[in-house]
Amino acid sequence: MAKFEKGQSGNPEGRPKVPSGKILASGIMAEASGVPSLPIEKTNSDKNNTPYKWIPFGDDNLFAQALALITRRSPVHRSIIYWKTKFVVGDSFLCRDEKTAKYIKNVNANNESLKKIDRKLKLDYYTGGNAFMEIVTFKGGFNLYHRDFTTCRVKDIANSVDKTPGILIHPKWANIRGNETQIKELPLYPNFKQDGGVQRSIFHFKDYEPEYSYYGMPCWIAAMDVAAIGWKTNKWNISRLDNSFQSSGVLLIEGNLTPTEAEELQKKLREQKTGEGNQGKVLTIIKELGGGGTTFTPFTNGNEGDWTKLHGQANKDLVSAHNWQKSLCNQTEAVAIGNTTLIRNEYGLALVVIKDDQSIFMEEWVNIFKKCGGLDASTLTYVNKNPAPITDLLDPKLIMLTSEQRAAFGLPEFTAEEQILFNEEQNSKVKTNGTNNSTTGN
């Protein structure tokens, strides 16, 4: 862990300072490395002069923002999180209790369903290892809201006057100094606080990691360097494209040219050789006649294979760090050619992770629904949908009526006359096939 002087990024006793031309080293990460340092949790809170005391998440309290930025930068990493979220959220919810089934269709004043809230929570959970759900109770019911995990920090009850565990919410923690009045405090569930005619609380979902008591850590934390490799190799390729993969070569010309003639010659060479943007650069050197003649020395690049292998290995490591499967995030060629057997097999393995993560959230919802709204959510379950069901292995003619087959392809049902003609054609094909088989047998 890098050491910082007082007032620099990494020291919670002073305001983090942004180095010239870079972003915060441990919070949003410096451009030189692209990888934030892992936070070390401290028992003492941020020493500020406001009534609010919080446990810093990272040396400069911006580790959550760093994790979100990595996800925005790395396309493969982002894809894995997207697909993992999609599968774990499932196709829908199912509940036998009518009141609960009705409630999950609209769980707050914004007309959001439980599935929409769940998707946001899972996205935060897989991005940053933490997810926050606000609970608002009122006479006759309760509402559930998602809170962006990058805006939430754990309250330090040891150094606060109010010893009630809670979460502090601020829209932009990077600008917290001088803007502490914007902090909103919510007690940690099952504690509530009165706010007008309602009571508010917040639930903190944490992905457990040893040595971290206040905040969770995403399962892919070991692959932060790998995620950085992914987006850095992309930037490297863009740089090579913009500059035509370095200059094309050195052109050495001997001749008795005046400075004006030499400049005009270089201009014509640039116009003829240079392609779109800065592609196809040629370094031209003109010297006096000396018997050497004109020569061209091309530049060669011998590290392309290493970069390609590095990028490919990084993608594999990312999938492993996420505890996920390649075919379920479009990271295998087998998906492109329709290898449904591979998808089915890997989905079976992924179900272990899917059901385990679903149970973590479901267990808390059953308790919250009962305590806050008197709803019976004991039968509330996720409906998971296999991306490659076994139906593609079955002959639809053996298990479906003609009308069902046509409906599956978006075709209208036959009229009575069309059905008669279709049956006659089918019977004719059967008779023809039977005659051919009989002839072949003779």
Side-chain angles (χ1 to χ4, degrees), residues 34-36 64-93 112-133 146-151 205-207 216-235 311-336 338-340 342-358 360-361 382-389:
V35 183
Q65 279 72 10
L67 298 177
L69 183 59
I70 290 176
T71 303
R72 283 192 289 273
R73 281 179 166 177
S74 176
V76 175
H77 174 57
R78 185 182 183 91
S79 175
I80 296 171
I81 290 179
Y82 168 82
W83 283 106
K84 190 174 183 180
T85 299
K86 190 175 184 65
F87 278 107
V88 177
V89 169
D91 188 58
S92 61
F93 284 102
E112 293 182 300
S113 64
L114 181 63
K115 181 178 179 179
K116 184 173 289 187
I117 297 295
D118 186 35
R119 184 184 181 279
K120 295 178 182 178
L121 293 173
K122 295 292 197 312
L123 191 62
D124 282 357
Y125 190 75
Y126 294 132
T127 299
N130 298 270
F132 297 88
M133 181 176 68
H146 160 263
R147 284 284 187 176
D148 183 351
F149 84 102
T150 64
T151 66
F205 295 94
K206 294 187 293 185
D207 193 351
M217 283 289 152
C219 62
W220 59 271
I221 198 67
M224 283 199 302
D225 293 344
V226 177
I229 289 174
W231 71 266
K232 282 199 169 190
T233 50
N234 288 337
K235 289 186 68 175
H311 189 78
Q313 185 61 46
N315 292 345
K316 293 179 181 179
D317 291 344
L318 264 178
V319 176
S320 298
H322 277 279
N323 299 321
W324 202 234
Q325 304 297 325
K326 291 176 63 177
S327 68
L328 300 183
C329 55
N330 297 328
Q331 292 300 309
T332 176
E333 295 179 358
V335 178
N339 189 342
T340 56
L342 175 63
I343 298 175
R344 267 192 298 274
N345 291 340
E346 293 199 344
Y347 179 72
L349 296 173
L351 270 178
V352 177
V353 176
I354 292 172
K355 291 183 177 181
D356 183 60
D357 288 353
Q358 288 176 343
I360 293 174
F361 285 76
Y382 284 91
V383 178
N384 297 314
K385 188 175 182 179
N386 193 319

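Here the straight-line distance linking atom CD1 of Ile70 with atom CG of Asp225 works out to 9.0 Å at 0.5 Å rounding. Here the NZ-CG distance, from Lys86 to Leu328, works out to 13.0 Å after rounding to the nearest 0.5 Å. One distance of note links CE of Met224 with NE2 of His77; it measures 10.0 Å at 0.5 Å rounding. Rounded to the nearest 0.5 angstrom, Asn386 CG and Ile343 CD1 are separated by 9.0 Å. Asp118 contributes atom CG, which lies 4.5 Å from atom CZ of Phe93 (distance to the nearest 0.5 angstrom). For the atom pair OG (Ser327) and CG (Asn345), the distance works out to 8.5 Å, reported to the nearest 0.5 Å.
Listed by chain and residue number, Phe203, Phe361 satisfy the ring-ring contact (aromatic ring centres under 6.0 Å, His included) test with Phe205 (two or more places apart in sequence, or in another chain). Shown here are the side-chain contact (heavy atoms from CB on, under 4.5 Å) partners of Ser113, two or more places apart in sequence or in another chain: Lys115, Lys116. Under the side-chain contact (heavy atoms from CB on, under 4.5 Å) criterion, Thr85 pairs with Ile81, Val89, Arg119, Lys122, Leu123, Tyr126, not counting sequence neighbours. Residues meeting the ring-ring contact (aromatic ring centres under 6.0 Å, His included) test with Phe149, sequence neighbours left out: none. Every residue was checked against the salt bridge (charged side-chain N to carboxylate O under 4.0 Å, His left out) condition with Lys206, not counting sequence neighbours, and none meets it. For Thr127, the side chain to side chain donor-acceptor pair (under 3.5 Å) criterion is met by no residue, not counting sequence neighbours. Contacts of Arg78 classified as side-chain contact (heavy atoms from CB on, under 4.5 Å), with partners at least two apart in sequence or in another chain: Thr71, Arg72. Remark: Leu349 pairs with Gln325 by the side-chain contact (heavy atoms from CB on, under 4.5 Å) rule, at least two apart or across chains. Residues that satisfy the side chain to side chain donor-acceptor pair (under 3.5 Å) test with Asn384, not counting sequence neighbours, are Gln358. Among residues two or more places apart in sequence or in another chain, the side chain to side chain donor-acceptor pair (under 3.5 Å) test is passed with Asp148 by Thr150.
A donor-acceptor pair under 3.5 Å is formed between the side chain of Ser320 and the backbone N or O of Lys316. Under a 3.5 Å cut-off, the side chain of Lys84 and the backbone N or O of His322 do form a donor-acceptor pair.
In plain terms, the two heavy atoms of Ala223 and Ala321 that are nearest each other are CB-CB, 3.5 Å. For Cys329 against Ile80, the heavy-atom pair with the smallest separation is SG-CG1, 3.9 Å.
Considering only heavy atoms from C-beta on, Tyr125 stays 4.5 Å or farther from Pro218 through its side chain. Residues Phe132 and Asp124 fail the side-chain proximity criterion, which asks for heavy atoms closer than 4.5 Å. At a threshold of 4.5 Å between non-hydrogen side-chain atoms, the residues Asp207 and Met217 do not count as touching.
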- [ ] Please assess Ile354 against Tyr347 for the test side-chain contact (heavy atoms from CB on, under 4.5 Å), listing each intermediate value before the final yes or no.
- [x] CA-CA 9 Å; Ile354 292 172; Tyr347 179 72; 4.0 Å; yes

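For residues 346-356, there are no salt bridge (Lys or Arg N to Asp or Glu O under 4.0 Å) pairs, not counting sequence neighbours.
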